[in-house]
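Report on the following structure.
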Amino acid sequence: MNIYKDYMDVIKEAVSSDSSNYIREGLGQPVIQRSKEQFNNIYFKASQKDIADSLKSFSSQIGTTINYEQQLGLHPDFGHLKNSNSTEEHYIVSAFIDIKGSTNLFKKFDKETIFLITNAIQRAGIHTALIFGGYIHRLQGDGIFVYFGGKNMSREKAVLQALQAVSVYTHFVKNDLKEYFNSQGIENISIRTGIDLGHTEDVLWGNAGIGEISEVTTCSLHTSLASKMQSSAQTNGIVVGEFVKSELENNDDLFKPVSRRTGNENDRYIYRIADRNFNYTQYDFNWELFLKKQPFIAVDQFGNAIPKANNILEPLTVSSLKPIAKLSKPYFSYD
Amino acid sequence: MTNSLLEKNINSFLNTYPKFKYYERPKKKCSILKGLIDICDVDGNYWDSFKIEIFIEKQKYPYCVPIVKETSTKIERIDEWHISEDGFCCLDIDHELEFMSKRGINIITFYQEKVYPFFTNVLYKMKNGKYANEEYMHHFDGVIQFYEERLKLNDVSVIIKILTSVKNNDIPGRNQFCVCGKEIKIKNCHLGTLGFLKSLPKDRIQRDLDGFNNLNN
């Protein structure tokens, strides 16, 4: 996706300035290292708060107002609970996005390069979540824990935006990132995501911890299940709970019980309470099909998902249409 | 859906292009794929979309030529845009489409090779003032052009001899002299052309023959 070009450029710059590219003398350490200034320049780009220009044009298609003033562990709609003894019930969509395989980077690069790469990947994830109205609750290593929804958003919209955000981000990791890392001979990096919806009566918001060692968080089976479902997902896959599925009407083609993939009926339910007859199903989410149905995505000649973006940076040129256009030679025979 | 190949191909199509919906229309001859065709260039940029309908003859599939209608009315309904007043699009010269249908089509390939390039070409002309790869002249002039360009035939009397031979199913063996009148074996002369024309419907051969005969009179 061209929309992640700026993030990919940071990664490429980090890789090209890695110490493994410099001349080694004998068996010793590299004689020339990346300069501090060079590192700072890349780090500056990798840590910009605002979304990168290449993603900005896409973001304008989505139309949400981006809230850059978020603080980890302090969802703006529940900030009043910070360091208070109050609690509140309110629905929330929890999404756990985990990056897999980043340890493999240590086989190839120095720690500064890995720091820059993982920062750029995480920043792309954070910005994608923000574009779709997400709230970044916590960063966990390379992973991201995002809440979708709040007091001024319907449950249906929160679910939809959560699925949209993780689908766009998974597409980036599965395609752009994979293509580049493969070209560099790096073992694949992938992501796995778990998403679940907790209804109001099942979610308790409150302050956890003490003083400044605290966060406003949720106590909910479905937040815990989102994390658990993440580990049920296949490479670059998304697993969702049945409450998520229920919010997307007439879209049964997008969901298949995990047990159908694994062939193991024990994988059908992510959680069971036998004496209450509570059996909660986990589903593989067909995010690629879902993505191609979204209004902000175009589907190209061969069925690839292409984000609709206003090309502010590079104006479109008709010469890029020509290779496809010239396959056609129209005729007119109607009377 | 009784045509199992059509069912299989439609399912693949809808998985690849989920912005389309399939309408089987049990009592009608044609089923319809309705949806949006998004035009993206080779650099991965999105340009524009057209609403279209693709009519497929259910019983004949894959041996049929789907008909494509543009319903977003973004294309001006004049001959210059190769579209009828009702929005039916002339994707290619009939001969090529009929040849394709004789061999059997796959709806995904048809979309990728005929439908998508047609609308990309329309957009190219909207932006650039002309088609990327010229166009066939209208009506029978286009047929003459096709014979010249595709079949390398421009001598009307030779065309008539060849068409007559195809029409009467009177084509000699590959090692005999060619029907064009040259004393050259068919296999070294018009074998390919005869093979192509033989696969066209009989009424197409008759219409072309009538057209070329008219030119000679």
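All chains are named by letter (A, B, ...) in the order of the sequence lines, taking the proteins before the strands, and each is independently numbered beginning at 1.
- Options L14(B), L91(B), N128(B) differ in how many heavy-atom pairs under 4.5 Å they form with chain A, and the most are formed by L91(B).
- Enclosure of atom NZ in K74(B) by more than 12 non-hydrogen atoms of other residues, nucleotides or ligands within 6.0 angstrom is indicated.
- The contact between Q294(A) and chain B is made entirely by backbone atoms, counting heavy-atom distances below 4.5 Å.
- In plain terms, the two heavy atoms of Y17(B) and D300(A) that are nearest each other are CE2-O, 3.5 Å.
- By the neighbour-count criterion of 12 heavy atoms within 6.0 Å, atom NZ of K198(B) is sparsely surrounded, having that number or fewer from other residues, nucleotides or ligands.
- Counting non-hydrogen atoms of other residues, nucleotides and ligands closer than 6.0 Å to CD of E156(A) gives a total above 12.
- A donor-acceptor pair is defined here as one N or O able to donate and one able to accept, closer than 3.5 Å; no such pair exists between the side chain of Y131(B) and the backbone of A325(A).
- Of the listed residues (K114(B), E80(B), H138(B), E85(B)), the one with the most heavy-atom contacts under 4.5 Å to chain A is H138(B).
- Contact check for Q301(A) versus P117(B): side-chain heavy atoms found under the 4.5 Å cut-off.
- Interface residue Q145(B): only side-chain heavy atoms are found under 4.5 Å from chain A.
- Annotation for Y46(B) and A298(A): closest pair CD1-CB, 3.3 Å, computed over non-hydrogen atoms.
- Checked by atom type and distance alone, the side chain of K292(A) pairs as donor or acceptor with a backbone atom of T16(B) at under 3.5 Å.
- Put simply, the side chain of H82(B) gets close to the backbone of Y331(A): a donor and an acceptor are under 3.5 Å apart.
- Using a 4.5 Å cut-off between non-hydrogen atoms, the part of residues 30-40 of chain B that approaches chain A consists of D38(B), I39(B), C40(B).
- Judged by distance alone, the side chain of N133(B) and the main-chain N or O of K326(A) form a donor-acceptor pair under 3.5 Å.
- Closest non-hydrogen pair, D43(B) versus S320(A), comes out as OD2-OG, 2.6 Å.
- If you take OG1 on T120(B) and CG on L327(A), they are separated by 8.5 Å, rounding to the nearest 0.5 Å.
- When each of E134(B), Q112(B), M137(B), K127(B) is checked for heavy-atom pairs under 4.5 Å with chain A, Q112(B) comes out on top.
- More than 12 non-hydrogen atoms from other residues, nucleotides or ligands lie less than 6.0 angstrom from OH of Y180(A).
- With respect to K329(A) and E149(B), a salt bridge is recorded, a charged nitrogen being found less than 4.0 Å from a carboxylate O.
- In this pair, F332(A) and H139(B) present their aromatic rings perpendicular. The plane angle is above 60°, beyond the 30 to 60° band.
- Contact tally against chain A (heavy-atom pairs below 4.5 Å) for D94(B), V122(B), L123(B): the top residue is D94(B).
- You'll find the side chain of P330(A) reaches within 4.5 Å of the side chain of F118(B), heavy atoms only.
- Expressed to the nearest 0.5 Å, how far CD1 of I324(A) lies from CG of D41(B) amounts to 7.0 Å.
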